[in-house]
Amino acid sequence: MHEENPPAAPGASPLLQQLNDEQRAAVTLPPEHALILAGAGSGKTRVLTTRIAWLLASGQVTPGGVLAVTFTNKAAKEMMTRLGAMLPVNVRGMWIGTFHGLCNRFLRAHFRLANLPQAFQILDTQDQLSAIKRLVKQHNVDEERFPPKELQWYIAGCKEEGMRPKDVPARSEDDRRKVELYQLYEEQCQREGVVDFGELMLRSYELLRDHEPVREHYRRRFRHILIDEFQDTNKLQYAWIKMFAGEQNAVFAVGDDDQSIYAFRGARVGNMADFVREFSVRRQIKLEQNYRSFSNILDSANTLISHNKHRLGKDLRTDQGPGEPVRVYEAPTDLAEAQWVVEEIRHLVRGEGTAGGVPRHEIAILYRNNAQSRVLETALFNVGVPYRVYGGLRFFERAEIKHALAYLRLLENPRDDTSFLRVVNFPPRGIGARSLEQLQDAARAAGCSLHDAVSATTGKAGANLGGFVARIDVLREQTEGLTLREIIQLMLEQSGLLEHYRAERDGADRVENLEELVNAAESFVTQEGFGRDAVALPVDELGPQTLTQSPASQGLDPRQPVLDEPAPDFVAPDAETGETLSPLAAFLTHAALEAGDNQAQAGQDAVQLMTVHAAKGLEFDCVFVTGLEEGLFPSERSMSDRDGVEEERRLMYVAITRARKRLYLSHSQARMLHGQTRYNVRSRFFDELPEHTLKWLTPQGRAGARSAFGFGSGYPTTRQPAFQREADAPWNAPVPPRKTQPEHGLRAGMKVFHTKFGEGKVQTLEGSGEDTRAQVNFPRHGVKWLALSVAKLVPVE
DNA sequence: TTCGAGCGGATTTTT
DNA sequence: TCCGCTCGAA
């Protein structure tokens, strides 16, 4: 993220030197609840990370006492990177992550209390839908009346409201049926050992709510709770935060009500006002100094958003001067609009009328919905301007990858019927709908998984199914003790996936992706500390980490730290036995929680195309906001109620504030929509912008008039000073070398004794130092992964 | 079992 | 218009 350095305050701590007064006030707030209203481009991430660094550096909290929550993996990663650059602290050991990532970590650590198998798998949205479809078929539900998509939306909505089936009010017959299906869905998930995204949140919340010792433990532990993008939290997330916040914690909530654009998926801006009221927040700080844009752009944004009635109130300001006017263009058709955009971009890139050319990746074309990208793409393609569209299928969502993951999940958990059905006949092996129907009937009758029901089936279908199950089971045995890389390679061969795609005419890309999966696993192993060479930084520079054996069984002693160990997400051992997740199970979790890159074509310098939603949090030198027409932006469906229009206006506000130097707004009189030409008037938002910041490139309100391209000569020549890298900062002391590995005295092949599992044989050793884990085969309990720092493993003989 | 025709639906999206 | 999904025919 690009940020300019505000003037340094003399004499302040080096951490605070680069902050302006507002930012510094926020960073150094006393340990009590606070709300930070952070405008666009006001250095929000900087304030959050510096706050954590300042708390640590001033000894107010230890790394283990920080809980920092974001919405996206990207934001979490950025926070960790920046924090790591400010202080020599092991950020991986801290509880910094997404809501779902942290819930996952929490539930793995308390899987017994949560009533989940330790290796529970996570359903993504696709998996959830297919699970619901399966359920609906099984219970002969009328799919016309209860479309699976709607049920999915309904169930997710209930969970976001914190409601279990018993809590849902059912008025009509339809309601009752839906609640019943919700109930059945839950039972199915529980039986199969899988959880969906909403379940991760809801179950963590309930665990805290219902188990006082656990709640008290975490409340005592997390002295400082920091929330990013607070305006995007839903009801359940707010309640979840409340569970962690006790008498002595300080909640530091950062958000911007003007950038709340996710109401449609359950976000409640109202949480900000509720937070102030319910937590008796006395400290509210507004960050209004903007380091991103020139004032013509900011004035436009400020004036536009002032048309919203429900605001906490905030005005962005800058020291940068007016800059260029906001250019407005009216096109006769969507095609002409696209051609104008492309022409304008070519001028920008060549540097005509500007100082030097603009790099293509500093140019963004924004639109309200994805369908609008088509005509823009065609226009760019025709003249050979490289571009990149955001928002396609992500890596872990691709069909071939999902297939491979399904095989891997079956190795980990044969009860996973969703995965079973996904690959039972892929590659095709003669198992059709009829066989599967029989199998599902048998499974239902026996109350078991599809995998286990196979042995009961007979005939030719039974033979095919038996072959499939045998293949999986053999593979499971073969992969025992292998590295993750070897497991995946063996699976790709044995499943027939590679062979299948190699034979397919245009399967080359898919083969490539499958090979990429091996790489993804490899880098996951290295990054998460599963590899033998994983580097673990020492964590105790700023305060000792207590690594304690927890009290036995589920009765936790609230005075004892339970899981204060500095372990990365996936290595956190179970409090009781020291058992850790296998690298495979951990990788599968990673795949579900982080679907991978959202960009279609990586690589060369390209113009960026995306929806306004996708642009939130990004910034570019030049921004085009296209399709500004009534019915499109604001969208038709939002126009019926005021809240809807206000959210569209906030969306427009987000779009405008993405631009640093040059902003273009365009609309078209005619547009192809659903195969028909629609004629739209220009968006009401034009009337809500201040006239003095605008430069109309076409005469207002008249058709087809294409005036000369309006290239101002004033592309700013003043480049902003380069962002001072935190690595150069004086407080960034060199990291001391890591301690030598303690001798655990174990080797593969050795016989060991565990107090709970008895005698077993070591199969593999992984990791180093405190993160060392052993895979042990216990004759009576099967193969387990154990953290040596927690599990007591005594060599036998 | 697989492939192709026909139908309907079509903001915004992360985990 | 266009995509994805369902259903019917070989």
Side-chain angles (χ1 to χ4, degrees), chain A residues 69-76 97-104 122-130 133 137 143-144 147-150 153 156 159-160 195-202 204 228-229 232-234 236-237 260-267 334-335 366-375 378 390-394 396-397 399 425-436 461 464 589-596 598 610-617 627 631-640 644 647-648 650-652 654-655 671-678:
Chain A
V69 200
T70 64
F71 273 88
T72 64
N73 291 302
K74 197 176 155 211
T98 63
F99 275 103
H100 294 88
L102 294 174
C103 284
N104 171 61
I122 298 165
L123 298 184
D124 67 13
T125 319
Q126 282 178 42
D127 300 330
Q128 189 189 25
L129 185 61
S130 51
K133 279 183 179 166
K137 290 223 169 68
E143 291 190 37
E144 302 273 279
K149 275 246 170 64
E150 258 170 48
W153 184 81
K159 291 189 180 186
E160 273 165 17
V195 298
D196 59 41
F197 289 131
E199 190 68 25
L200 282 171
M201 285 296 321
L202 184 51
S204 311
D228 190 18
E229 307 276 18
D232 288 339
T233 51
N234 63 33
L236 178 58
Q237 284 157 340
S260 162
I261 55 174
Y262 286 111
F264 70 92
R265 67 175 195 212
D334 50 352
L335 187 68
L366 309 184
Y367 35 81
R368 177 66 238 266
N369 66 50
N370 288 302
Q372 290 170 255
S373 77
R374 178 171 298 276
V375 61
T378 315
Y390 282 70
L393 262 197
R394 297 163 37 228
F396 286 113
E397 292 168 352
N425 194 37
F426 194 93
R429 43 176 80 89
I431 299 170
R434 214 185 355 264
S435 322
L436 289 176
N464 284 342
T589 300
H590 165 79
L593 287 178
E594 195 165 348
N598 206 8
M610 65 193 85
T611 63
V612 182
H613 280 92
K616 187 172 166 224
L632 242 199
F633 200 176
S635 84
E636 195 129 50
R637 312 180 45 152
S638 71
M639 284 174 15
S640 48
E647 177 140 322
E648 295 289 305
R650 291 192 292 267
L651 195 55
M652 182 64 189
V654 168
R671 182 174 298 275
M672 275 299 250
L673 198 67
H674 306 330
Q676 285 183 323
T677 307
R678 298 246 325 227

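Keep in mind the model is a prediction, meaning the values are calculated, not measured. We name chains A, B, ... by the order of the sequence lines, and we start the count at 1 in each one.
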* Between C/dT6 and B/dT11, how far is it from one C1' atom to the other, in whole Å? -> 25 Å
Please write out the pairs of protein N or O atoms and N or O atoms of nucleotides 2-7 of chain C separated by less than 3.5 Å, giving the distance to one decimal.
| unit_1 | atom_1 | unit_2 | atom_2 | d |
| --- | --- | --- | --- | --- |
| C/dC3 | OP1 | A/Arg374 | NH2 | 2.8 |

* Asked: Can you tell me how far C1' in B/dT14 sits from the matching atom in C/dC3, rounded to whole Å?
  -> 23 Å
* Asked: Does A/Ala75 have any side-chain contact (heavy atoms from CB on, under 4.5 Å) partners at least two apart in sequence or in another chain, and if so, which?
  -> A/Thr70, A/Thr72, A/Asp228
* Please indicate yes or no: is the ring centre of A/Phe264 less than 5.5 Å from the centre of the six-membered base ring of B/dT13, with the two planes inclined by under 30 degrees? => no
* Who passes side-chain contact (heavy atoms from CB on, under 4.5 Å) against A/Thr677, sequence neighbours left out? -> A/Ala670, A/Met672, A/Tyr679
* Structure fact -> By side-chain contact (heavy atoms from CB on, under 4.5 Å), A/Asp127 pairs with (sequence neighbours left out) A/Leu123, A/Asp124, A/Lys402, A/Arg409, A/Thr418
* Would you classify A/Asp196 as touching base, sugar-phosphate or nothing, given that sugar-phosphate means primed atoms plus P, OP1 and OP2, and contacts are heavy atoms under 4.0 Å? => nothing
* **Sub-4.5 Å side-chain heavy-atom contact between A/Met652 and A/Glu648** => no
* Asked: Looking for any heavy atom pair under 4.0 Å, which part of the strands does A/Thr98 touch: base, sugar-phosphate only, or nothing?
  -> sugar-phosphate
* If you check every side-chain atom of A/His613, which of B/dT11, B/dT15, B/dT12 has the closest atom? -> B/dT12
* To do: Establish, with yes or no, whether the OP1 or OP2 oxygen of B/dT13 is under 4.0 angstrom from a side-chain nitrogen or oxygen of A/Asn370.
  => yes
* Structure fact -> With sequence neighbours left out, the residues meeting side-chain contact (heavy atoms from CB on, under 4.5 Å) with A/Asn234 are A/Glu160, A/Leu236, A/Gln237
* To do: With heavy atoms under 4.0 Å as the rule, sort A/Tyr262 into base, sugar-phosphate or nothing.
  => sugar-phosphate
* To do: Under the ring-ring contact (aromatic ring centres under 6.0 Å, His included) rule, collect the residues that match up with A/Tyr262, sequence neighbours excluded.
  => A/Phe264, A/His613
* Asked: Heavy atoms under 4.0 Å, any strand shown: does A/Glu648 hit a base, just sugar-phosphate, or nothing?
  -> base
* Partners meeting salt bridge (Lys or Arg N to Asp or Glu O under 4.0 Å) with A/Glu647 (sequence neighbours left out) -> A/Arg650
* To do: Not counting sequence neighbours, which residues clear side-chain hydrogen bond (donor to acceptor under 3.5 Å, both in side chains) with A/Lys616? List them please.
  => A/Glu229, A/Asp232
* To do: Can you tell me the distance, in whole Å, between the CZ atom of A/Arg637 and the P atom of B/dT12?
  => 10 Å
Collect all protein-nucleotide pairs involving nucleotides 1-7 of chain B in which both atoms are nitrogen or oxygen and the distance is under 3.5 Å.
| unit_1 | atom_1 | unit_2 | atom_2 | d |
| --- | --- | --- | --- | --- |
| B/dT1 | OP1 | A/Ile431 | N | 3.3 |
| B/dT1 | OP1 | A/Ile431 | O | 3.3 |
| B/dT1 | OP1 | A/Gly432 | N | 2.3 |
| B/dT1 | OP2 | A/Gly432 | N | 3.4 |
| B/dT1 | OP2 | A/Ala433 | N | 3.3 |

* To do: Give a yes/no answer on whether the side chain of A/Thr611 brings an N or O atom under 4.0 Å of OP1 or OP2 in B/dT11.
  => no
* Asked: OP1 or OP2 of B/dA10 sitting under 4.0 Å from any side-chain N/O of A/Asn369?
  -> no
* Asked: Across the strands shown, which category fits A/Asp232 at heavy-atom distances under 4.0 angstrom: base, sugar-phosphate, nothing?
  -> nothing
* Asked: Where the side chain of A/Ser435 meets the backbone of A/Ile431, is there a donor-acceptor pair that is under 3.5 Å apart?
  -> no
* Asked: Where the side chain of A/Thr125 is defined as all heavy atoms beyond and including C-beta, which of B/dT15, C/dT1, B/dT13 is the nearest nucleotide?
  -> B/dT15
* Nearest-Å distance, NE2 (A/His100) to P (B/dT15)? -> 9 Å
